[in-house]
Every structure is written in structure tokens, then in C-alpha cells.
Colleague: 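The structure is given below, and queries will be raised subsequently.
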Amino acid sequence: MNILLIGSGGREHALAYAIAKSPLCSRLFTAPGNPGTAAYGENRPELDVADHAAVRAFCSGESIGLVVVGPEVPLVAGLVDDLQAAGIRAFGPTKAAAQLEGSKGFTKELCAQYGIPTAGFARFTELDPALAYLAAHGAPIVVKADGLAAGKGVVVAETLDQAEAAVRGMLADPGAEIVIEECLFGEEVSFFALCDGTRAVPVGTAQDHKRVFDGDRGPNTGGMGAYSPATILTPALEREVMETIIAPTLDGMRARGTPFTGILYAGLMLTADGPKLIEYNTRFGDPEAQVLMPRLSSDLVPALLAACEGDVSGIDLRFDARRAALTVVMAAAGYPGAVMRGSVIRGIAEAGASNDVIVFQAGTRAENGQVLADGGRVLTVTALGDSMMEAQARAYAAIARIDWPEGFCRRDIGRRAVAREVAGGGI
Ligand code: AMP
Ligand code: GLY
């Protein structure tokens, strides 16, 4: 079958790596793709994925049997709806179901209606009631813009002054809506479930590092590194998440007439009162996909097809339980703010020469045989190991071979997992 993958990030490079391995995949196209995805098939940078009619025409022309949508923007724009209406099989939620990611307010209302554990919250469109709420609740408190913000629309305010500044800033945009919520404490875990509209099967765990600087300091980003598995999420906690968070979400979405199909990615806080939902994403994570896909020992494509066909009950995606994966993001100086594009990156092939290392490309472009930086998060360097400590050492050894003075990375990815492993003896 010919498969079209939509997106151009490190996540799409990792998905291309997994999809191309499938015996079911005859030809893989990625639109727009990046120099990394080009190694597994054909990039189609000229295909405008915001033009749904053009994507439909491409699918007919190339006999595409499955479209896999990587990022959230085309999901929220209804690409899956428009493909399915034309009889084209597409993996991912419809526009209405993607509201779980597209609107924080929507998700919070669903949680309230179905008793899904999450932080206490209120929604605002006007300044005075929002400021009154802040004054009544005090700091620390969390302020979020309602819509998509690439992980950057959230301020965890330590003081009321910070919270007030965030509220004023976000509500300054005409028509803006914000959510103000209780600050949760605990360790964060990313939990992934493959959903067919009715049922869900767990498909792996990871931990992300959201802050830009070492020691979890600085502003939030799309993610500076990740590792998998997240052993802090024990099998008992995983069952609790499936029962108290994922299942009621699917029931609620179905009851509303907008069943959820695709990857439901729950960002969880493991609080003293049990796991609570911080937010949903409606797709694989980036950089979490870069640690999940290399550990996957099952064929990904039948799982995606089963979700599209409405029955994931027979799907059992297997991860190599004895292998840990850790990925470190290399970003352009200035990220998550403005970055300079066009600097030359050398040493990618040398860094990825070992069987245990894969350099996933994200914000890069190829020009005259060179790889140039072309975005904020530019590379994700993933290493596998028999322990998290080994994976971490390999990832940083690979990074040392990359010659890119204009880039930077966090030096402490996996620190807590390695410490836990040393204390507990094992992944
Ligand atoms: P979100 O985009 O909602 O995932 O938020 C981004 C990050 O902000 C999360 O990964 C957390 O680190 C932090 N965050 C969001 N909501 C809360 C909360 N209620 N309490 C504490 N931290 C939060
Ligand atoms: N790593 C966070 C995300 O994919 O949204």
C-alpha cells in the first residue's frame, strides 16, 4: 500500500522510520517532509497540506491507501474529515475530536462533565473577572491560552505579579480566551493510547523535558528531550489512567457524537492524589515519538489501519522491554524565541554511525549537499541502551560528534530516570 505521511518534524522522521519498515508499505510519501524523511521515501514539499483538495488529488493520483497525519495543525483544520469524506483512509481524529487538543477549555469542560481527574479551573474572556479569580486563589497558579500554541501558551506563575502579567498579555489579543487553573505538583508522564472511537489500547509511555534549560529552568518549549519507558508509571498506575482518564474521555466523546480515533496522548501529572490530566494532545508527541518508534518491535501500520477500521481490540503493540531509549533535542540558539536559520550542521552521519543511535531531523533543510538549520528544534539525537544510563551516555557521545556551534542542547536529559535506575537497579 502507498502511504502519505503529513508533517516535517522530528516526529515525522521517526514515524517514517517505523512506517517504512512495514511489509505493508510499498511507497512512502512525506509532505512536506524534511531531509531525514527523504531517506525512507519521497518528500513532496510542493504539496500544500493546508489545501485539502490538493491533498485529495495527490492521494488519488498516487493511489494512497493510508494517510497518517503527524502534527496537530492539520488535524484541527479538519484534514482527516475532508479525506474521509472523499473515501480516503486517514489516521487521526476529525476536527471535532481534535478539539481535545485544539481547545483547553473544551477538554476541561469534558473533564468536569465526566469526573476525569484534572486541575481545578475557570475560563475567562474578560480581564476583571480573571484578575479577581487570581486574587481569590493566589499563587502558584497556571495561566493558559485556549488555542494551539506549540507548547508555549502556558505560564506556570510562581507569583501573582507573574500571573497577572500573563493574563493581561494573553487577553490583550482580541477574542482571546484563557483558562486559569490550579497548580499541580508531581512528576509528569506522557501516556499514549491508540483509539478506534470506542476502545483504546495503551501504546507506550515516555517522559518529556519541557523547559528550555538544565534543571527545568526557563520558558516552556515543545520539548527538549525525552526517554521511554517511563517506569514511574507502574502497571497499576497505567490501569488507573486507562480507567479514570482515557475510558471516560472516549465515552464522553462518543456520547457527544464526536468519537475519538487516533493517538490520544495524555500529559499527566502524578500527584499525591493519583494521576491527573494536564492536557491532551491528539497525535504522537515530538520528541516522544523519537523514543517510542525506535523501541517498537511490532509493525506500526496494522495498528494504524485497525484504528481507521474502528477496531483496535486485536492490537498489541510491543516495545522492546529490555531496551531504553533517550533522545536529546538540539535547538538553534534563541529557541523558543526567534532563531537564526541557515547555519551549517556537520557530523550527522558520524553521530548516527552506531546501530544504537539515530539522528532524527526536524528543522533542517538540505542545500548543496549540506544540512542547514531551518527552525527552532533542529535535530533529535536518539540512543538505545540496555539501561537508561547507557542510552544517555550514547546520546551525549553522539552529540559530541555533531559540529554545530549555533546550536545548543540540555545536558541533563534523563537525569531523574538514571538516578531512579541506579537506586532501583534496572530500567
Ligand atoms: P500544557 O501545554 O497544558 O501541557 O502545559 C505545558 C506544561 O506546563 C506542562 O507540561 C506542565 O509542565 C506545565 N503545566 C500545565 N498545567 C499545569 C498545572 N495545572 N500545574 C502544574 N504545571 C502545569
Ligand atoms: N512533547 C510535547 C508535544 O509533543 O506536544
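Every heavy atom of this structure was used, including side-chain atoms; hydrogens, water molecules and symmetry mates were not. Note that ligands are numbered from 1 as they come in the structure, with each ligand's atoms numbered from 1 the same way.
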Colleague: Report yes or no: do Thr380 and Gln290 form a side-chain donor-acceptor pair below 3.5 Å?
Modeller: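 On atom types as modelled, these side chains qualify, holding a pair under 3.5 Å.
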Colleague: Against Asp320, only a single residue in Arg318, Arg323, Arg322 fulfils side chain to side chain donor-acceptor pair (under 3.5 Å); can you say which?
Modeller: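 Looking at Arg318, Arg323, Arg322, the match for Asp320 under the side chain to side chain donor-acceptor pair (under 3.5 Å) is Arg322.
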Colleague: Quick test: of every protein heavy atom, which one is nearest to atom 5 (O) of ligand 2, and how far off is it to 0.1 Å?
Modeller: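 Sorting protein heavy atoms by distance from atom 5 (O) of ligand 2 puts Arg283 NH2, 2.9 Å first.
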Colleague: Is there any N or O on Gly222 that sits under 3.5 Å from an N or O of ligand 2?
Modeller: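 Yes, since at least one N or O of Gly222 sits under 3.5 Å from an N or O of ligand 2.
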Colleague: Is the closest basic N to carboxylate O distance between Arg11 and Glu288 below 4.0 Å?
Modeller: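 Between Glu288 and Arg11 there is no salt bridge, as every charged N stays at least 4.0 Å from the carboxylate O atoms.
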Colleague: Mind checking whether Gly267 has a heavy atom under 4.0 Å from ligand 1?
Modeller: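 No heavy atom of Gly267 comes that close to ligand 1.
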Colleague: Show the numbers, then the answer: is there a ring pair (Phe, Tyr, Trp, His ring centres under 6.0 Å) between Tyr335 and Phe408?
Modeller: CA-CA 9 Å; Tyr335 178 79; Phe408 74 100; 7.3 Å; no
Colleague: Compute whether any side-chain donor of one residue and acceptor of the other, for Asp208 and Ser190, lie under 3.5 angstrom apart.
Modeller: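 No donor-acceptor contact under 3.5 Å links the two side chains.
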Colleague: Consider only side-chain N and O atoms of Arg256 and Gln113, and report whether a donor and an acceptor are under 3.5 Å apart.
Modeller: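 Side-chain D/A pair, Arg256 to Gln113: present.
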Colleague: Enumerate the atoms of ligand 1 whose separation from the nearest heavy atom of Glu181 is less than 4.0 angstrom.
Modeller: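 So the atoms of ligand 1 that pass are 16 (N), 17 (C), 18 (C), 19 (N).
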Colleague: Does ligand 1 have an atom under 4.0 Å from some heavy atom of Lys104?
Modeller: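 A heavy atom of Lys104 does come that close to ligand 1.
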Colleague: Quick one: does Pro287 get within less than 4.0 Å of ligand 2, heavy atoms only?
Modeller: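 It does; at least one heavy atom falls under 4.0 Å.
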Colleague: Return a yes/no value for Glu279: is any of its N or O atoms, backbone included, closer than 3.5 angstrom to an N or O of ligand 2?
Modeller: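 No; the residue has no nitrogen or oxygen that sits under 3.5 Å from a nitrogen or oxygen of the ligand.
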Colleague: Taking only heavy atoms of Asn281 into account, list the atoms of ligand 2 that are under 4.0 Å away from them.
Modeller: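 Every atom of ligand 2 under 4.0 Å from some heavy atom of Asn281: 5 (O).
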Colleague: When you look for heavy atoms under 4.0 Å from ligand 2, do you find them on the side chain of Glu288, its backbone, both, or neither?
Modeller: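 Looking at Glu288 and ligand 2, just side chain atoms fall under 4.0 Å.
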Colleague: If we count only N and O atoms by modelled type, under 3.5 Å, do the side chains of Asp316 and Ser298 hold a donor and an acceptor together?
Modeller: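 Side chains of Asp316 and Ser298: no pair found under 3.5 Å.
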Colleague: If the cut-off is 4.0 Å to any non-hydrogen atom of Asp208, which atoms of ligand 2 fall inside it?
Modeller: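 Taking each heavy atom of Asp208 in turn, ligand 2 has 1 (N), 2 (C) under 4.0 Å.
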Colleague: Can you tell which part of Gln290 has a heavy atom less than 4.0 Å from ligand 2: side chain, backbone, both or neither?
Modeller: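 For Gln290, no heavy atom sits under 4.0 Å from ligand 2.
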Colleague: Report yes if the distance between the aromatic ring centroids of Phe284 and Tyr265 is under 6.0 Å, otherwise no.
Modeller: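 Centroid separation for Phe284 and Tyr265: 6.0 Å or greater.
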Colleague: For Met269 and ligand 1, does the shortest N/O to N/O distance drop below 3.5 Å?
Modeller: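 No.
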Colleague: Which ligand 1 atoms does Glu279 reach within 4.0 Å, using its non-hydrogen atoms?
Modeller: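 Once the distances to Glu279 are compared, the set is 1 (P), 2 (O), 3 (O), 4 (O).
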Colleague: Is ligand 1 under 4.0 Å from a heavy atom in the side chain of Asn220, in the backbone, in both, or in neither?
Modeller: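 Asn220 to ligand 1: side-chain contact only, backbone stays beyond 4.0 Å.
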Colleague: Backbone, side chain, both or neither: what part of Tyr265 comes under 4.0 angstrom of ligand 2, heavy atoms only?
Modeller: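 The answer is the side chain of Tyr265.
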Colleague: Would the His13 and Tyr17 ring centres measure less than 6.0 Å apart?
Modeller: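 Ring-ring flag for His13/Tyr17: false, centres at least 6.0 Å apart.
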